[in-house]
Protein chains: 2
Amino acid sequence: MNKKRRETPARMSDIARLAGVSASTVSRALAGSPLVAAAKREEIRRLARERGYVINSTARNLRLQRTQAISVAIPLGHETSQPLTDPFFTEMLGHLADCITQRGYGMFLQKVVPPMDDWLLRLIGSHKSDGIVVIGQSTEHAALEEAAARYKPLVVWGGHLPRQSYCTVGTDNVAGARAAVEHLIALGRRRIVFLGDPAVPEVGLRYEGYRLAHERAARQGIQPHIVPAHLTADTAYEAMRAFIGSAGSFDAVFGATDVIALSAVRAITAAGMSVPRDVAVAGYDDISFAAHANPPLTTVRQDLQRGARMLIDLLFRRMAGEDAPSATMPAELILRESTGRIDVLSVNRP
Amino acid sequence: MNKKRRETPARMSDIARLAGVSASTVSRALAGSPLVAAAKREEIRRLARERGYVINSTARNLRLQRTQAISVAIPLGHETSQPLTDPFFTEMLGHLADCITQRGYGMFLQKVVPPMDDWLLRLIGSHKSDGIVVIGQSTEHAALEEAAARYKPLVVWGGHLPRQSYCTVGTDNVAGARAAVEHLIALGRRRIVFLGDPAVPEVGLRYEGYRLAHERAARQGIQPHIVPAHLTADTAYEAMRAFIGSAGSFDAVFGATDVIALSAVRAITAAGMSVPRDVAVAGYDDISFAAHANPPLTTVRQDLQRGARMLIDLLFRRMAGEDAPSATMPAELILRESTGRIDVLSVNRP
DNA sequence: TTGAAAGCGATACCAC
DNA sequence: GTGGTATCGCTTTCAA
């Protein structure tokens, strides 16, 4: 059997030979160029389709100096554990995948774990993608600043910091957190623990909102109290557990994220206290699980679908050369039972 | 000011010029080749680092004929709606990202929506990645068969069908579903609705398990009954609602996935019935939300972390030329309150 | 040990 | 309209 097996052609020149034309013509035909005669164009396309030929995107990308792909990077500098299972990230990822796919681009997912030296500059320099979305500033504010100075097509989901030069999309963390904490105070809570790590920019802004709410309520003798906690469920649970064991009294917890707040609920319940009766708990994000938790979690809602759309919209404008600015979306306080029944609330108010 | 601004060098030849050597030498130095003198090697590397030079991966990939990337494709042929928010997918994605990153590969995410002509052959032909993971067979069994005949580095999360030639990883859908349904029968349920679309291979296998359980119980006068439902929460809710409105009696629902089962719970509750008192509900997947739903959902657990590890392990073996076989993992029935309280269960049993 | 040159597979300019 | 050729930026053989 030396009859050659019909392989799928690997190169454009193979198709060219089969069609009796040059590679240039095949390239033009496949690109739909009006330069090549209509009849010949259709024949070449048919041939390519029949033989299962597909343009090699690596070669094409090299030649065209673009990749039709967006990198989505998730820095996990703050995390002690590795796995990418945080529902906030996975939900955001889903929405981003939708937006990016819709524009005909590919999505290149990049988990960034310590040691994180130069990851962003390397990602940029590698030319793997035409633009970069970073989800969460994590510990990487400095790296983002440095990169943004020279690389435009970069957008970040996260907090908008003063004098920051990179482009962010996010909710109004200060206002959102403040509304949540003011709600707790209005409910009569007097010792509200902030659970989270303010070194992460978004969390820092939420802490600022927490602080502002306390400042306004200072005359009522309410003092802020922070319990440091990382962003993973396990570490947050542990931090809360340790705090319960060692500390004085408290009657409310504001978790920097829903994952943290829900971990706090677990720790509080495990210690024999009741949420919301003994301790009211509120979070931030409104991950889809928050509404179905037990008890349902009061939280500050971020519209991730809208956020993803904005990120990608700004990114494409930046890729087109425009100097698209940061955007802040309103945050919405969602009242649920973890801070007390809503109908009871009005009764309790002075 | 005609003093040239020090730009980050774009090409290897720039570094070569700066170092006073040829590009070949730079390439070798950066690759850590022992061929280049140690001192010179270090100097070149230092220079590259200082100037922020990064190897252009597109060019490198073209030359080396590999991409250091894995494509993860999610076919959504069965879905009526678009967004990639299904928790099963996003959880799986997170685990895959972990495994792929760990091996030093990039992850290329590909959502596949109708019309889906030739998507897999095109993905393969484009040479975007060195291997492909497909999550869920959806409607694409034929496409997978066709592709697998010529392309080895392909693995699929899904059901293992008879005489199938592509490599799958998944749980034992028949046994898992059967265990769940037998549990419902043992609880005394006599009219158990199967909610799902058996045209999707995994769902078909689960239906087979459902059918087998019924076959064994046929003498008790228990008849199977299927209600077609797509995989999204909204369509499943609607299907269940319509069925409740139009149909005769039923006292249990087996949902083909947790998303479907939880939608059924919503529809049943909205119709004024109680879960599990009036209707017992079980699902499949054990998505992380299942344990926290109200009531907590009895379901068949798939260990996605282990599944992702297996997928990637098999994929890399196939990329290395090995003909790695399919793998089936055991499924585990998790009893929770949506089928009745477990302590009550033993009491109720004959 | 180093450099010159070929080649990965496509696109686009420039002739014809 | 079509084909030849240079080029994108890198790696690797071959020769020195």
Side-chain angles (χ1 to χ4, degrees), chain A residues 7-45 47-48 51-69 106 122-130, chain B residues 7-45 47-48 51-69 106 122-130:
Chain A
E7 296 280 348
T8 82
R11 302 188 307 296
M12 205 170 253
S13 56
D14 297 337
I15 295 292
R17 194 169 345 91
L18 286 158
V21 297
S22 74
S24 313
T25 303
V26 175
S27 175
R28 282 190 277 252
L30 261 30
S33 160
L35 281 174
V36 55
K40 190 169 283 184
R41 183 174 65 216
E42 286 320 311
E43 201 208 310
I44 292 171
R45 302 183 98 158
L47 197 65
R51 313 297 262 245
Y53 169 75
V54 180
I55 294 178
N56 180 315
S57 61
T58 307
R60 173 172 230 260
N61 290 346
L62 176 59
R63 177 62 231 232
L64 295 182
Q65 302 284 76
R66 54 152 196 56
T67 61
Q68 288 286 49
R122 291 154 89 104
L123 181 56
I124 293 168
S126 73
H127 291 98
K128 272 190 213 308
S129 51
D130 302 337
Chain B
E7 296 282 346
T8 82
R11 303 188 307 296
M12 204 170 253
S13 57
D14 296 338
I15 296 291
R17 194 168 345 92
L18 258 55
V21 297
S22 74
S24 315
T25 302
V26 175
S27 174
R28 284 190 274 253
L30 261 29
S33 160
L35 281 174
V36 55
K40 190 168 286 187
R41 183 174 63 217
E42 287 319 312
E43 201 207 311
I44 291 171
R45 302 183 98 158
L47 197 65
R51 312 298 262 246
Y53 170 74
V54 179
I55 294 178
N56 180 315
S57 60
T58 306
R60 172 174 231 260
N61 291 346
L62 178 59
R63 176 65 230 234
L64 295 181
Q65 301 286 74
R66 54 150 197 56
T67 60
Q68 269 316 29
R122 292 153 89 103
L123 180 57
I124 293 168
S126 72
H127 296 266
K128 273 188 212 308
S129 50
D130 302 338

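Residue numbers begin at 1 in each chain, while the letters A, B, ... track the order of the sequences.
Partners of A/S13 by side chain to side chain donor-acceptor pair (under 3.5 Å), not counting sequence neighbours: none found. By the side chain to side chain donor-acceptor pair (under 3.5 Å) test, B/S57 pairs with no residue at all, sequence neighbours left out. Under the side chain to side chain donor-acceptor pair (under 3.5 Å) criterion, A/D130 pairs with A/T67, not counting sequence neighbours. Under the side chain to side chain donor-acceptor pair (under 3.5 Å) criterion, B/T58 pairs with no residue, sequence neighbours left out.
The two residues A/L30 and A/A48 have their closest heavy-atom pair at CD1-CB, 4.2 Å. Scanning all heavy atoms of the two residues, the minimum distance from A/A16 to A/A23 falls at CB-N, 3.6 Å. Of all the heavy atoms in A/V54 and B/S126, the pair that sits closest is CG1-N, 3.7 Å. Heavy atoms only, all atoms of each residue included: B/A69 and B/S129 are closest at O-CB, 3.2 Å.
Note on the helix from C/dT1-D/dA16 to C/dC16-D/dG1: angle between the axes of the first and last five pairs equals 50°, rounded to 10 degrees.
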Anything under 3.5 Å between a donor and an acceptor, one on a side chain of residues 35-45 of chain B, the other on a protein residue two or more places apart or in another chain? List them.
unit_1	atom_1	unit_2	atom_2	d
B/R41	NH1	B/S33	O	3.2

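Chain A approaches DNA chain C within less than 4.0 angstrom (heavy atoms of the protein), and the contacting nucleotides run 5' to 3' from C/dG9 to C/dC13. Note that the first and last nucleotides of DNA chain D, 5' to 3', having any atom under 4.0 angstrom from a heavy atom of chain A are D/dG1 to D/dG9.
Sorted pairs that involve residues 54-66 of chain A and meet salt bridge (charged side-chain N to carboxylate O under 4.0 Å, His left out), not counting sequence neighbours, are lacking altogether. Residue pairs that meet the salt bridge (charged side-chain N to carboxylate O under 4.0 Å, His left out) test with at least one member in residues 10-30 of chain A, sequence neighbours left out, are A/R11-A/D14, A/D14-A/R17.
A/L64 comes within 4.0 angstrom of sugar-phosphate atoms only, judged by non-hydrogen atoms across all strands, and of no base.
The stretch residues 12-24 of chain A touches DNA chain D through A/V21, A/S22, A/S24, each having a heavy atom under 4.0 angstrom from the strand. For the segment residues 30-44 of chain B, the set of residues with a heavy atom within less than 4.0 Å of an atom of DNA chain D is empty.
If you run side chain to side chain contact (heavy atoms under 4.5 Å, CB included) between B/V26 and each of B/I15, B/L47, B/I55, B/L18, only B/I15 comes through.
Residues B/L62 and B/T25 each lie close to DNA chain D; by heavy-atom proximity, the contact nearer the 5' end of the strand is made by B/L62.
The CG atom of A/L62 sits 11.0 Å away from atom NE2 of A/H127, with the distance rounded to the nearest 0.5 Å.
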